[in-house]
Amino acid sequence: MKLLARPLHLAPVVALAMTAGLAATAGHADAQPAARQVVARASAPRASTTWRPRPEQWHQTVTEKDLEIPMSDGTVLRGDLTLPATADGRAVQQRLPVILTITAYNKTVIEGAGGAVLAGADPSYLVKRGYAQLDVDARGTGDSPGRWCAFCTREDKDAGEIVAWAHRQSWSDGKVGMTGASYMGIDQLFAAEDDPPGLKAIFPQVPAADVYRDVVASGGQIDVGFIPLWLGLVSATGAIPPAYSLSDPQSALQMALDHIEAGATFTTPLMLQALLGGYPAYDGPFYRQRSPITNIKRIHTPAFFVGGEYDLFQRGTGMDFDALQRQGVATKMILGPWDHLQGSSGAQVGNAGYGSLAQLQLRWFDHYLKGKDTQLGRISPLTYYEQGTGRWATSKTWIGKEERPATYKLSGSATLGSDNGGLTTGRPKAGKSLMQPLPVSGLCTRSSDQWTAGLPNMLMPKMPCFTDNRLNDKSGLVFQTAPVKRTVRIQGPIDAHLNVSTSTGDGLLAVTVEDVAPNGTVSRLTGGWQVVSQRALDKSRSRYLDGRMIQPFHPFLKSTRKALKPGTIAPVDVEVFPTGAAIKPGHRLRVAVEGFDVPHLLAPLPDLVGQLGPLTIYSGGAHTSYVTLPTR
């Protein structure tokens, strides 16, 4: 195979049209570009350690394209191997630990973007310090043949087999680590569940845990903001002719046909069936098999997570970290004020005070793959950005022993677009508030940016509505506290317990938890969603803090769906995704409720009419509604 010097510039125009906007946000992760407004208020990084990254051992790299990686079913996947190079451009002749990245977005595109955004840190940083980098196209994507099936059983098995293959190669010293963001982060978890020989450590950025609840159908409606965008990205990058087309045209043609057929028989029908209310609209075996949390107890591999508070996997990344920590696996997590593109690039990870993303990866892999003392004990298990103060806080656990549940009750009545109701820890006033769902709610908010992966913020970073939610709040009902006298610190998931009635038997409760500054600016801290007809609650799988629910679990099965009889009042628990935030003295805690969140969510078309009728929210008296927050 031909050896190529980095960086590569082979991505065709069609792929660049899909990814040019992504690459524009990145550069290398070491560059630390300016963050958006909320990041700029962050406190200066701490001097948390005396550890310093070691210098380069080599100053050049070479890449061998399209190595053949045979799978147990006879399919041959393809990967690019990058090695350190001597001054004359030749690959060093010694066994090295391997850093593996498995992608569905075409390794050539990833490499052409300099490893930024979609892949995280520039891989040459590690290669020049004595690692081999192996980039592999997942089955049915990029230069690999077969049909893509998005984490089906066969693809998950591939991940473990690729690790085992790298473990055996002549250029490998037998030890393997893994990196990558989003899809590439999820693949790491599936590989670790397989427990292949040689896998010593992983470094997943913004991975999912439970794909149905995390991103596909939050609250029971279909994510039409991100899912079509994602499926289109995989299909478009899979249509790029492989680099070996000229040398092996027959194989290349068959691969292209397989990729096109996967789009026609898997991705497009899947989305259409979900929108038409078919099986993909509900949770079940299809999603459980594709969710790392299902078999996460199999993982014993040390894992370092990077998550985002405005990320697509805002919910899931923390759950992965929490699950591994509770079963005794060595794990750490940095959770920052980042959307999906920002969390994927890792360009702002250095703000947490431990060094850049590339430096943290060196520190992690030098310890687990090279046996060096890199003072990992000085990195807190959890480091997160605290919205409201701009400081970086630390905790030993996801839900800490120092936390206590705080319940704020909705009080009195609110009027759509005008009068606010109250939010109190005392005795609430009885009231009822009529909400008419408006299909513009969420249109220009941090939620709309979050659930389109951060593309709007990349294109229009100074849009006021991304940092001030007051206009969107006019489209729903608002309940807020008086100015607080003491700082209220929140860390973790939130339960919004709302007593509702509906004229149609259904409807969506889109709940936003917010911080209202003295000058009236409304900062969206986090949100949650719940379809009324899917209110069935599995208390055994819900999470509690000192006996109070903070994270409800709904089955979201077709069999558990039940319309609410018109005129009947029933409690609906809304899972509000986890956050880290502080409501400072003089600020107000606010809860807003709307009936839509566009362009994020859309009901399956047969259910859409039922989402348009008014809902009534009850407070005080016999039908107390409240939110329960984990506070520090």
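This is a predicted model, so every value here is computed, not measured.
For D158, the salt bridge (Lys or Arg N to Asp or Glu O under 4.0 Å) test picks out R139, R154, with sequence neighbours left out. By the salt bridge (Lys or Arg N to Asp or Glu O under 4.0 Å) test, R213 is found to be paired with D210, D283, residues two or more places apart in sequence or in another chain being considered. Partners of T294 by side chain to side chain contact (heavy atoms under 4.5 Å, CB included), not counting sequence neighbours, listed by chain and number: R288, S291. Remark: D320 engages no residue in a salt bridge (Lys or Arg N to Asp or Glu O under 4.0 Å) (not counting sequence neighbours). With sequence neighbours left out, the side chain to side chain contact (heavy atoms under 4.5 Å, CB included) criterion links S448 to T445, F466, P599. Evaluation of the side chain to side chain contact (heavy atoms under 4.5 Å, CB included) rule for A192 yields L199, I202, I299, T301 as partners, not counting sequence neighbours. In this structure, the side chain to side chain donor-acceptor pair (under 3.5 Å) partners of D322, at least two apart in sequence or on a different chain, are R326, R543. Residues passing the side chain to side chain donor-acceptor pair (under 3.5 Å) test with T628, sequence neighbours excluded: T407. Every residue two or more places apart in sequence or in another chain was checked for a salt bridge (Lys or Arg N to Asp or Glu O under 4.0 Å) with R541, and none qualifies. For E193, the side chain to side chain donor-acceptor pair (under 3.5 Å) criterion is met by no residue, not counting sequence neighbours. Legend: residues meeting side chain to side chain contact (heavy atoms under 4.5 Å, CB included) with D546, ordered by chain and number and at least two apart, are R404, P405.
For W529 and F577, the distance between ring centers is under 6.0 angstrom.
Both cation-pi conditions hold for R446 and Y310: the charged atom is under 6.0 angstrom from the six-membered ring centre and inside a 45 degree cone around its axis.
In terms of heavy atoms, F479 sits closest to L423 at O-CD2, 3.9 Å.
Evaluated for a side-chain contact (heavy atoms from CB on, under 4.5 Å) with T374, the options K372, K370, R378 yield exactly one hit, K372.
Screening residues 289-313 for salt bridge (Lys or Arg N to Asp or Glu O under 4.0 Å) gives no qualifying pairs among residues at least two apart or on separate chains.
Rounding to the nearest 0.5 angstrom, the gap separating the NZ atom in K584 from the CD atom in E386 is 9.5 Å.
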